[in-house]
Amino acid sequence: MKRTKIKALLARTAPLENVLIKGWVRTRRDTKEFSFIEVNDGSCLASIQVIVDAGTPGAEFLPRISTGAAVAVTGEMVPSPGKGQAFEIRSRGLELVGTSQEAYPLQKKRHSDEFLRTIAHLRPRTNKYGAIMRIRSKTSHLIHRFFEEEGFFLIHTPIITGSDCEGAGEMFRITTVSGSTPASDDFFGQETNLTVSGQLSAEMMALALGDVYTFGPTFRAENSNTSRHAAEFWMLEPEMAFCDLTGNMDIAEALIKYVVQGVLESCAEDIALFANFVDKTLMKTLTSLRDDAYIRLSYADAVEILLKAKKPFDYPVSFGIDLQSEHERYLAEEHFKKPVFLYNYPKGIKPFYMRMNDDGETVAAMDLLVPRIGELIGGSQREEREDKLQERMQALNLPEADYWWYMDSRRFGSVPHSGFGLGFERLLMLLTGISNIRDVIAFPRTPGSIDF
RNA sequence: UCCCCAGUAGCUCAGUCGGCAGAGCAAGUGGCUGUUAACCACUUUGUCCGCGGUUCAAAUCCGUGCUGGGGAGCCA
C-alpha cells in the first residue's frame with residue numbers, strides 16, 4: 001500500500017477507506033480502551049490524530065510509542081467525534097518503525113531558540129523550524145519560477161575562485177598542502193578561495209545570454225558576530241544586459257513582490273504560525289511589501305533627510321560617509337516605514353566595478369533597505385566603459401592583469417548592464433519575522449561555530 | 001574585533017544582606033478521561049560554566065578564561 005502524506009489527507013473533505021501514513025509522534029494520550037497519537041510527517045505544519053483501540057494489531061507497541069518515535073499506521077480516515085480536527089485515523093495496524101529513547105530533548109512545550117540551535121539536528125522536528133524549512137524551500141522555488149517567467153537563464157558560477165579581490169570581504173582560503181608550501185605548488189598553482197560573489201562570472205554570462213541569474217552558496221570569512229551575518233549563506237545574483245540602474249531596481253522590486261505573494265498563497269498555514277507567535281506585525285509587513293511601491297531615494301537626498309531628522313544619531317551625517325545602521329534603520333523603519341532603494345552613492349565607499357555617474361562623484365549603485373533587516377539587496381549598474389573602468393582600477397591599485405578576462409568583456413561588444421545580490425537568508429528573515437539568521441538556515445556557520 | 005548582558009536539574013527560570021540547592025515543566029510509576037501543549041497523585045534528577053582568589057563560610061564577592069545572547073563595525 002502506498003503511503004499518503006498528511007498534507008494530502010488534511011486537504012480532503014471526505015473520509016477514506018484505506019490509508020497508510022508514516023511519520024513521527026508528537027504526543028500520545030492514553031485512555032483505558034484506546035490511545036490518541038499525534039503524528040507529524042513534515043509535509044505540513046499540522047499533525048493528524050490517530051486512534052489505536054486496545055487489542056488492534058500493533059497496540060502492543062503503545063507503551064513504547066513516545067514523543068519522537070517513528071510510526072507507520074494503516075487504517076481508515078473517518079470524521080472525528082472530538083473537537084479540534086475534522087478527521088482522524090482509526091488504526092487497523094500500528095507499526096513502530098523507530099523508537100525514541102527517554103533522552104529525546106524535544107519536549108511538548110516551547111523551547112528557546114538558543115537551546116534549539118544546540119540541537120540543530122533535531123530542531124526541524126519542531127513546528128517553528130519545520131515551517132521555516134518549508135518556507136525556505138518554497139521561496140527558493142518561487143525565485144526560480146520568477147526568473148524563468150522573466151526569460152532569465154539560470155547559470156552556475158564557480159564556488160572555488162582564484163581572484164582574491166572582488167571587494168566583497170575576507171575570503172576562506174582553500175588548499176591541499178600544508179603551511180609553508182608555496183601557493184605555486186598548491187593544487188591550482190596559485191592561491192584559491194571560496195567565492196564571495198558570482199557577480200564577475202555572471203556578468204560574462206549576461207553579456208552572452210542576456211538575462212541570467214546565479215543562486216548558490218557564498219562564503220565570507222569576516223569575523224562578524226551579528227544576527228544578520230553568516231560565514232556561509234545563499235545569495236541570489238541576477239545580471240541583466242542592456243539594463244540600467246532603474247531597470248535593476250524594477251526587477252528587484254518585482255521579484256520581492258512576486259515572492260511575497262507566492263509565499264502568502266502557498267505557505268499560508270506556516271506564515272500564520274509566524275504571524276501568531278513570532279512577529280505580530282508580520283501580515284502587515286508582508287502585505288505592504290507586496291502592495292506598496294518601494295521608495296527610491298538618492299544617497300544625496302537621503303543625507304538631506306537625515307540631516308533634518310529630529311532624531312539624535314550617535315554618528316554624524318554628511319555627504320560622503322557610509323551610512324550607519326542607525327541611519328538606514330531610521331529611513332526604512334521610521335521615516336518611510338517601508339522598503340527604500342538608496343541609489344547613486346559616493347564613489348569612495350563603493351567597489352571598482354560600479355558605473356561612474358556624469359557628476360564624477362557618485363556611482364550607479366543601489367541598496368534596498370528594509371525594516372528590521374537593513375540591507376537586503378546591494379547592486380549596481382556596472383561600468384561598461386573600458387577607459388573608465390581602468391581609471392577606477394588604477395585609483396584603487398587593482399592589478400589589471402588579474403582581471404584580463406573581465407576587461408576583455410569591455411573590449412568586445414560591451415553594453416550597459418546591471419545586477420544585484422540578494423541575501424537569501426535575510427529575505428527569509430523578512431518573510432518570517434525571524435530575527436536571527438542562524439534560525440533560517442538548517443546548519444548555520446558562524447565564527448567559532450561549525451557543529452553539525 | 002569592540003561595548004553591554006547572561007551562564008543554577010533534561011528545558012525555562014527563582015535563589016533576599018555571603019550562612020543546609022529550589023519551583024514549574026519534562027522524564028518515570030500509578031490513576032482518570034473522546035483526549036488534543038490533556039488532567040490528578042507520587043518519584044527520580046545538580047561539576048550552581050571552568051580555573052584561581054578573598055572569607056570561619058561563596059551559586060552569591062574579586063580576577064581570569066570559555067560559551068551564549070543583544071548592540072556596533074563589515075556586508076548580503
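In the text below, chain A, chain B and the rest are named by the order of the sequence lines, each starting its count at 1.
- A heavy-atom distance below 4.5 Å is found between the side chains of A/D113 and A/Y129.
- The stretch residues 41-54 of chain A comes close to RNA chain B through A/Q49, A/I51, each having a heavy atom under 4.0 Å from the strand.
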Exercise for the section: Apply side-chain contact (heavy atoms from CB on, under 4.5 Å) to A/E253 and A/L255, showing your working. Expected result: CA-CA 5 Å; A/E253 184 167 344; A/L255 167 73; over 6 Å; no
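- Contact annotation: A/R29 side-chain N/O to B/A38 OP1/OP2 distance is under 4.0 Å.
- Across all strands shown, A/E88 has heavy atoms under 4.0 Å from base atoms, whether or not it also approaches the sugar-phosphate.
- With a cut-off of 3.5 Å on both pairing distances, B/A58 has no Watson-Crick or G-U wobble partner at all.
- Below 30°, between 30° and 60°, or above 60°: for A/H335 and A/Y330 the angle between ring planes is between 30° and 60°, a tilted geometry.
- Between the base of B/G70 and the side chain of A/R228 there is no donor-acceptor pair shorter than 3.5 Å.
- One finds a side-chain N or O of A/N436 lying less than 4.0 angstrom from the OP1 or OP2 phosphate oxygen of B/G70.
- Taking the six-membered ring for Trp and thresholds of 30 and 60 degrees, A/F341 and A/Y294 have ring planes inclined between 30 and 60 degrees apart.
- Across residues 95-119 of chain A, A/E102, A/Q107, A/K108, A/K109, A/R110, A/H111, A/S112, A/E114, A/F115, A/R117 each have a non-hydrogen atom less than 4.0 Å from an atom of RNA chain B (numbered order).
- On a pure distance criterion of 3.5 Å, a polar donor-acceptor pair joins the side chain of A/S224 and the base of B/C74.
- With a cut-off of 3.5 Å on both Watson-Crick or G-U wobble distances, the partner of B/G18 is given as none.
- Tested against A/R26, the residues A/T126, A/T67, A/N127 include a single side chain to side chain donor-acceptor pair (under 3.5 Å) partner, A/N127.
- Of the N and O atoms on the side chains of A/T157 and A/T214, at least one donor lies less than 3.5 Å from an acceptor on the other residue.
- Residues A/S298 and A/N344 bring no donor and acceptor atom of their side chains to less than 3.5 Å of each other.
- Across all strands, A/I377 comes closer than 4.0 Å only to sugar-phosphate atoms, never to a base (heavy-atom distances).
- For RNA chain B, the residues of residues 317-325 of chain A within the heavy-atom distance limit of 4.0 Å (strictly under) are A/D322, A/Q324, A/S325, sorted by number.
- Judged by the 6.0 Å and 45° rule, A/K350 forms a cation-pi pair with A/Y345.
- Taking the six-membered ring for Trp and the full ring otherwise, A/H327 and A/Y315 have centroids separated by 6.0 Å or more.
- Judged by Watson-Crick or G-U wobble contacts below 3.5 Å, the nucleotide B/A23 has B/U12 as its partner.
- The separation of B/G70 from B/C56, taken at their P atoms, amounts to 43 Å, rounded to a whole angstrom.
- In this structure B/U35 sits in no base pair that meets the Watson-Crick or G-U test at under 3.5 Å.
- Base contact: A/G84 has a heavy atom under 4.0 Å from a base atom.
- No contact: A/F424 has no heavy atom under 4.0 Å from any strand.
- Out of B/C75, B/G34, B/G71, the shortest distance to the side chain of A/S227 is found at B/G71.
- Inspection of the A/Y299 and A/D367 side chains reveals no N or O donor paired with an N or O acceptor under 3.5 Å.
- Across the strands present, B/U47 finds no partner; the criterion is a Watson-Crick or G-U wobble pair with both atom distances under 3.5 angstrom.
- Side-chain atoms of A/S80 lie closest to B/U35 of the nucleotides B/U35, B/C74, B/C75.
- For the P atom pair drawn from B/C49 and B/G10, the interatomic distance equals 13 Å after rounding to whole Å.
- Ring planes of A/F352 and A/Y406: perpendicular class, angle over 60° (limits at 30 and 60°).
- When distances run from any side-chain atom of A/Y315 to the nucleotides B/A72, B/C75, B/A38, the shortest one goes to B/A72.
- Of the candidates B/G34, B/C75, B/A72, B/G34 carries the atom nearest the A/F34 side chain, counting heavy atoms from C-beta on.
- Relative to the side chain of A/R438, the nucleotides B/A76, B/G34, B/G69 differ in distance, and B/G69 lies closest.
- Ring orientation note: the planes of A/F172 and A/F219 are nearly perpendicular, at an angle over 60° on the 30°/60° scale.
- Base-pair partner of B/U67: B/A6 (Watson-Crick or G-U wobble, both distances under 3.5 Å).
- Checking B/U29 for Watson-Crick or G-U wobble geometry (two distances, each under 3.5 Å) identifies B/A41 as its partner.
- With no hydrogens or angles considered, no side-chain donor-acceptor pair links A/E203 and A/Y353 at under 3.5 Å.
- Of the candidates B/A76, B/A38, B/C74, B/A76 carries the atom nearest the A/F233 side chain, counting heavy atoms from C-beta on.
- Summary of the strand contacts: A/T226 and A/P81 both lie near RNA chain B, and taking for each the nucleotide with the nearest heavy atom, the more 5' one is attributed to A/P81.
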